[in-house]
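In this chain, numbering begins with 1 at the start of the sequence shown. Computed from a prediction, not measured in an experiment: that's the story for all the values here.
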Amino acid sequence: MEQAALRGNPSFVWRAGQERRLDWVRRYAPLEGCRVLDVGCGVGMYTHAFLRYTSAVYGIELEFPRVREARARARAVVQGVGETLPFADATFDVVFSHEVLEHVRDDRRSARELVRVTRPGGRVVIFVPNRCYLFETHGIYWRGRYKFGNIPLVNWLPDPLRQRLAPHVRAYTTRGLRQLFAGQPVRVIHHTQLFPGYDNIVARWPRIGRGLQAVTYALERTPLRVLGLSHFLVLERLNV
């Protein structure tokens, strides 16, 4: 459980929620025939999905047991850290980071690396937790012990209080996420917030789950999207 607190859990299965996020990626970052890097690829769920559109898919993951599992789905997966990507400048057309920056030691350095390995005209695609979401989905530390689960209102607390409860994971405001890339040779293509896929709820209580999908997916087309689970940020690398 402590390992999950520090580094999070990747997607272990592929369900409708992941497929929906893949559709969002494809809207703003064409994958066909591109060189794609999945940074913090976990067990390779998205890495494998990208192979539908291109054979030039690469992954990097910190935990070696996950590297091994990811290689069963996509062979070109290496072990490494996001702060020092083992690739040359301007190598990839699309660089993908799914719920990873919140866990790395140095998110600013990792952000610079995402941009560095992207070719001019290429896209950096990022999902990270939204500070405005009602729940902290990574659990909290309470009285010195880690408590797993979706904990309400933690992200709405002032920084000092949130840091005491959730020192193991970041959540980003819109401004805070954009600031990671300040001064870098990129421009914002798209930035919004997305609500969860509710796959577990749909499986248990289909009517309730589909009702949540209908309501919150509709909210994504309104200013209330700022309450969504995750930021979805797409950047284009500039030729400078």
Would you sort out whether T91 and R119 count as a side-chain contact (heavy atoms from CB on, under 4.5 Å), showing the intermediate values?
CA-CA 6 Å; T91 298; R119 68 163 180 81; over 6 Å; no
Distance-only polar pair, side chains of [X] and [Y], donor-acceptor under 3.5 Å:
X: H191; Y: H231; result: yes
X: Y198; Y: T216; result: yes
X: S230; Y: Q193; result: no
X: R178; Y: T173; result: no
X: R105; Y: S110; result: no

Nearest heavy-atom neighbours spanning [X] and [Y]:
X: N150; Y: P152; answer: O-CD, 3.7 Å
X: A29; Y: V125; answer: CB-CG2, 3.7 Å
X: G139; Y: A166; answer: O-CB, 4.5 Å
X: P185; Y: V240; answer: CB-CG2, 3.3 Å
X: A90; Y: P120; answer: CB-CD, 4.1 Å
X: P167; Y: Y141; answer: CD-CD1, 3.9 Å

L114 and S97: CA distance, side-chain angles, deciding distance, side-chain contact (heavy atoms from CB on, under 4.5 Å) verdict
CA-CA 8 Å; L114 296 177; S97 175; 4.2 Å; yes
May I ask you to say whether [X] pairs ionically with [Y], meaning some side-chain N is under 4.0 Å from a carboxylate O?
X: E19; Y: R52; result: yes
X: E32; Y: R26; result: yes
X: R164; Y: D159; result: no
X: R116; Y: E113; result: yes
X: R112; Y: E83; result: no

Can you check whether [X] reaches [Y] side chain to side chain, under 4.5 Å on heavy atoms?
X: V188; Y: L233; result: yes
X: L227; Y: L219; result: no
X: R21; Y: E99; result: yes
X: W156; Y: L161; result: no
X: L229; Y: F195; result: no
X: V81; Y: V104; result: no
X: V234; Y: V124; result: no
X: Y133; Y: P196; result: yes

So does [Y] get a backbone contact from the side chain of [X], meaning a donor-acceptor N/O pair under 3.5 Å?
X: R123; Y: V94; answer: no
X: R162; Y: V154; answer: no
X: D89; Y: V117; answer: no
X: E236; Y: R187; answer: no
X: D93; Y: R35; answer: yes
X: E220; Y: L194; answer: no
X: Q213; Y: G197; answer: yes
X: S55; Y: L51; answer: no
X: N155; Y: F135; answer: yes
X: R225; Y: T222; answer: yes

Is the F127 to W24 ring centre distance short of 6.0 Å?
no
Mind checking whether H138 and F148 have ring centres under 6.0 Å apart?
no
Check the orientation of H168 and Y146. Use parallel for under 30°, tilted for 30 to 60°, and perpendicular for over 60°.
perpendicular
Can you say whether the rings of H98 and F96 are parallel (under 30°), tilted (30 to 60°) or perpendicular (over 60°)?
parallel
Have a look at R170 and tell me which of D107, L101, V128 forms a side chain to side chain contact (heavy atoms under 4.5 Å, CB included) with it.
D107
Using a cut-off of 6.0 Å, state whether more than 12 heavy atoms not belonging to R27 lie near its atom CZ.
yes
Intermediate values then yes/no, side-chain contact (heavy atoms from CB on, under 4.5 Å), F87 and V78
CA-CA 11 Å; F87 304 102; V78 299; 4.3 Å; yes
Run N200 and R15 through side-chain contact (heavy atoms from CB on, under 4.5 Å) and show every step you take.
CA-CA 10 Å; N200 289 337; R15 298 183 295 186; 2.7 Å; yes
Identify whether I189 and I126 are in the same connected component of the hydrophobic contact network (ILVMFWY, side-chain heavy atoms under 4.5 Å).
no
